[in-house]
Amino acid sequence: MKFQSLTLAIVLAASASAQTPTYKLVGDKTADADAVNLLRESISVASKAPVEIIIGEAGDKAVKKYASLIPEGAESFYLSVGPKKVVIAGRDEAGTFYGVQEFLKNPQAAVDTAVTPVIPLRGVIEGFYGNPWSHANRLSQFDFYGRHGMNIYIYGPKDDPYHHSRWFEPYPAEKAAQMAELVQRAAANKVKFVWAMHPSNAIESEADRAKALAKFQQMYDLGVRNFSIFFDDISAKSVDSQIDYLNFLDREFVKTHPGTGSLIVCPTQYNQAWSGGDYLTKMGTGLNPDIAIMWTGATVCDMIDDADCQWFIDKTGRKPFIWLNYPVNDYGQHNLLMGPVVGNDPAIANKVTAFCSNPMQYAEASKVALASLADFARNPEAFNADESWEASLRELMPDHVDAFRRFCLNNVDVAPSVHKLRFYGETPEFKALCEKYTDLSDPDAIEAYREYFRANLDAANELMPLADGSDPLLSEVKEWLVAMRLQAQMGLNICDMAEALEADLAAPFIDAYKRWQDENQKYQNNTSRGFEGSIQSVRVQTGTLHVAPWQKTALAGLVEKFRQSGADYPADLFPRPVVENGTYYICHEGRLLGNPNAGEQGGAPVFQDSVDDINPNRQEWHLTLNPTTERYEIRNSKDERYINEVGRFGVNPYSPDWNTYIILRGENGKYAIRNAGNGGNSFWGVEGNELKCRFGQPQFIFDIREVSNQPAN
């Protein structure tokens, strides 16, 4: 956290004690009840005990003696831990609660410190596209926020219909009861629970406004006291209408309901790249002064610096409420973001009203980044990305830190996308190997790469038993562990191939190549979130920045060298695919084939004039070659829907006999795509903006471009 630290002294290193002490509580009758309950749940308490804990808020009799040592800022605390006495004194109830959390990190450590969080609001926005978090996920999150001093959570998952598409409908009884439980758990951890509604453009009529008030009332009756309106990712009809609507809700609901906090809005122009005209200026001058405005920075996905904040302040006359789109990965969901949090500028501390993260749909895995973002928000100047990251690894996987570190370092960078946010600290050890060893004919190089892949394989195998339910984080990302293990095995096969090639041994080379083929097929078919009802099923990728490209290049080089060696091998051993397995844009005359209604049943893919910069994966397509049938499976990256034999999205269960394709490359450098198997032999073509599968002759009219290469528009 960014603490404005008034640390008086760190007295002694923690003295190891074989026996956990018992504590006597003093002041517990008047101190914050949540803080006291947390203490009682976490330590041994008795009316007579050798160590005394004095606890309370400023003004309480129990801590009167220490009043001058408590910092003035909200949520501040003074903590002193000695061999016979512990003092936990908060400026307010939240301060006392955070003081208890700090004490419980290491009750045996002798400490004398005072702490004030710097950024007032520090937390999380569940605002991603994809599978919303489960109820259990959210309950776990709130306990985590309490431990890390995060004090705000905004509920706004795009794919909760009662937040967005059916915002006007009340939650049914079961979901309403869960919402009430969430509000209570959040409050027990000093977290403001903010419920967000996304009404799109249904904001002007009296009927729509009455529905909005009714929905707010339902949430208020469930215990919600903080509200937000999202206008993101829509074509706004009128900024004036948005301003009038927000001021209406503020006037008619927020100001008339006791205990309700200030309204928060995510504007349609929520980043500098998408801003234009007088939209933001009008927002700044027209909204009631206490309505906070969210901001993602220079672009949609951007780490925040001083210039981002100053630009917003100059435009609106207000400080921004930061919506940080990290570690969210809904625009590149094949990759996890598990690395150190770098790129945020400490200079923003006094230029923001809040600093909140939009995380991944993988709630437990998001905690790696959230712990660091909490540290940053509490104390930007003192934040050290590597130290904070290492602390999160020890907290989340204390018995498997080294293996978990290797796993996280294999999942640092997000796939190339229109948002262009990249993190280059992935697999630094492997990157160093690539820089040192460029020739796989060198026995030292082979052994060095082999050692790396063995270590990754050992780490994956160490963690894998925990991914079958005993550990919620590893269970959630099990498929990425599978991918890491398969990638390590493929790397070892490549080393075996290199060794056999140097020894001029054809049979071992061929055997290693066949093992690589088998494991690569498993890697290509490895999906996450494939359960019934899942909003999206994800083709898992790992080590994409350095490891995967090296394997692709190394394999191709070894195969070509083997071909030229004169060794005998089966004619069909090394297929030369027209298109390598991967994720691609399918283009026609500069237009991109897209899936604008992702998640729906049926419908058709269409060619679109512009890049989808809200959900870029709706225009990305997985092409996977079955080496046995030599036919391609083509699925959309957003929702894994396949294209059927007439050029529409299939509604029946996927069938490789019906829904696979032959890809041909023409002399003009463009591609033709033909139905295969039971799907017939018609070629894909284009009529207007629609894909049609009805042509009898090859239509060499398509460009197929890797997603790493930005499409021309």
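Because the structure is predicted, anything quoted here is derived from the model rather than measured. One-based numbering along the sequence shown.
- The aromatic ring centres of Trp621 and Tyr585 sit 6.0 Å or more apart.
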Salt bridge (Lys or Arg N to Asp or Glu O under 4.0 Å) between Arg454 and Glu447: does it pass, once the steps are laid out?
-> CA-CA 10 Å; Arg454 278 180 184 148; Glu447 186 53 36; 3.4 Å; yes

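- Within a 6.0 Å sphere centred on CG of Asp504, other residues, nucleotides and ligands contribute 12 heavy atoms or fewer.
- Between the Asp471 side chain and the Ala467 main chain, no donor and acceptor come within less than 3.5 Å of each other.
- With hydrogens and angles left out, the side-chain atoms of Thr660 and Asn626 include no donor and acceptor closer than 3.5 Å.
- Classification of Lys638 and Glu600 as a salt-bridged pair fails, no side-chain N sitting under 4.0 Å from a carboxylate O.
- Shown here for Pro605 and Leu593, the closest heavy-atom pair between the two residues is CB-CD1, 3.7 Å.
- Of all the heavy atoms in Ser235 and Asn201, the pair that sits closest is O-ND2, 3.0 Å.
- Here Phe607 and His588 bring their ring centres to under 6.0 angstrom of each other.
- Defined by atom type and a distance below 3.5 Å, a donor-acceptor pair is missing between the side-chain atoms of Thr527 and Glu479.
- The aromatic rings of Phe230 and His163 sit perpendicular to each other, their planes meeting at more than 60°, with 30° as the lower class boundary.
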Test Asn410 against Thr427 for side chain to side chain contact (heavy atoms under 4.5 Å, CB included), laying out the working first.
-> CA-CA 6 Å; Asn410 229 52; Thr427 56; 3.1 Å; yes

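- Residue-environment remark: CD (Glu687) exceeds the threshold of 12 foreign heavy atoms within 6.0 Å.
- Shortest non-hydrogen contact noted between Asn675 and Cys693 is ND2-CB, 4.0 Å.
- There is a side-chain donor-acceptor pair under 3.5 Å between Glu560 and Gln564.
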Evaluate the criterion ring pair (Phe, Tyr, Trp, His ring centres under 6.0 Å) for residue pair Phe423 and Tyr326; output intermediate values, then yes/no.
-> CA-CA 11 Å; Phe423 295 92; Tyr326 183 89; 5.0 Å; yes

From CA spacing to verdict: side chain to side chain contact (heavy atoms under 4.5 Å, CB included), Leu501, Leu558 | CA-CA 8 Å; Leu501 190 62; Leu558 291 170; 3.9 Å; yes

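- Inspection of the His334 and Thr542 side chains reveals no N or O donor paired with an N or O acceptor under 3.5 Å.
- Inspection of the Asp612 and Gln619 side chains reveals no N or O donor paired with an N or O acceptor under 3.5 Å.
- Using cut-offs of 30° and 60° for the angle between ring planes, the Tyr654 and Tyr642 rings count as perpendicular.
- Side chains of Asn131 and Tyr362: no donor on one and acceptor on the other come within 3.5 Å.
- Within the model, atoms OG of Ser134 and CD of Gln178 stand 9.0 Å from one another, a figure rounded to the nearest 0.5 Å.
- Side chains of His400 and Glu462: a donor on one and an acceptor on the other come within 3.5 Å.
- In this structure, Trp480 has its ring center at least 6.0 angstrom away from the ring center of Phe407.
- Residues passing the salt bridge (charged side-chain N to carboxylate O under 4.0 Å, His left out) test with Lys514: none are found, sequence neighbours excluded.
- Heavy atoms of other residues, nucleotides or ligands lying less than 6.0 angstrom from NZ of Lys522 number 12 at most.
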Give the intermediate values and the outcome of side chain to side chain contact (heavy atoms under 4.5 Å, CB included) for residues Arg485 and Asn456.
-> CA-CA 7 Å; Arg485 183 165 64 183; Asn456 271 21; over 6 Å; no

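- The aromatic rings of Phe702 and Trp684 stand perpendicular to each other, their planes meeting at an angle above 60°, with 30° marking the opposite boundary.
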I would like to know whether Glu476 and Arg529 meet side chain to side chain contact (heavy atoms under 4.5 Å, CB included); could you show each step before the answer?
-> CA-CA 9 Å; Glu476 185 180 62; Arg529 298 286 163 115; 3.6 Å; yes

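- Taking the six-membered ring for Trp and the full ring otherwise, the centers of Tyr129 and Tyr331 sit at least 6.0 Å from each other.
- Not a single side-chain hydrogen bond (donor to acceptor under 3.5 Å, both in side chains) links Ser200 to another residue, sequence neighbours left out.
- Here the closest heavy-atom approach between residue Gln608 and residue Gly594 is recorded as OE1-CA, 3.4 Å.
- Sparse packing is recorded around NZ of Lys431, with 12 or fewer heavy atoms of other residues, nucleotides or ligands lying under 6.0 Å away.
- Checked by atom type, the side-chain pair Asn358/Asn325 shows a donor-acceptor distance below 3.5 Å.
- Remark: the Asn595 side chain and the Asp639 side chain contain an N/O donor-acceptor pair separated by less than 3.5 Å.
- Listed for the Trp133 side chain is a donor-acceptor partner under 3.5 Å among the backbone atoms of Met360.
- Using a 4.0 Å cut-off between a side-chain N of Lys or Arg and a carboxylate O of Asp or Glu, Arg406 and Glu429 qualify as a salt bridge.
- With sequence neighbours excluded, the residues that form a ring pair (Phe, Tyr, Trp, His ring centres under 6.0 Å) with His164 are His198.
- Atom CD of Glu451 is surrounded by 12 or fewer heavy atoms from other residues, nucleotides or ligands within 6.0 Å.
- Checked for salt-bridge contact, Arg618 and Glu620 miss the test: no charged N lies under 4.0 Å from a carboxylate O.
- Judged purely by distance below 3.5 Å, without hydrogens or angles, the side chains of Lys367 and Ser140 pair a donor atom with an acceptor atom.
- The two atoms that bring Pro327 and Pro359 nearest to each other are CD-CA, 3.7 Å, heavy atoms only.
- With salt bridges taken as basic N to acidic carboxylate O contacts below 4.0 Å, one links Lys478 and Asp468.
- In this structure a side-chain-to-backbone donor-acceptor pair under 3.5 Å is present from Asp439 to Ser441.
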Applying salt bridge (Lys or Arg N to Asp or Glu O under 4.0 Å), run through Asp330 and Lys158 and close with a yes or a no.
-> CA-CA 11 Å; Asp330 54 6; Lys158 292 292 189 292; over 6 Å; no

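- Closest heavy-atom contact between Arg138 and Pro157: NH2-CG, 4.0 Å.
- For Tyr513 and Phe574, the gap between ring centers is short of 6.0 Å.
- Surrounding CD of Glu630 are at most 12 heavy atoms belonging to other residues, nucleotides or ligands under 6.0 Å away.
- Looking only at distances, a side-chain donor or acceptor of Gln141 sits under 3.5 Å from a matching main-chain atom of Ala363.
- A salt bridge is defined here as a Lys NZ or Arg NE, NH1 or NH2 lying under 4.0 Å from an Asp or Glu carboxylate O, and Asp496 with Arg515 meets this definition.
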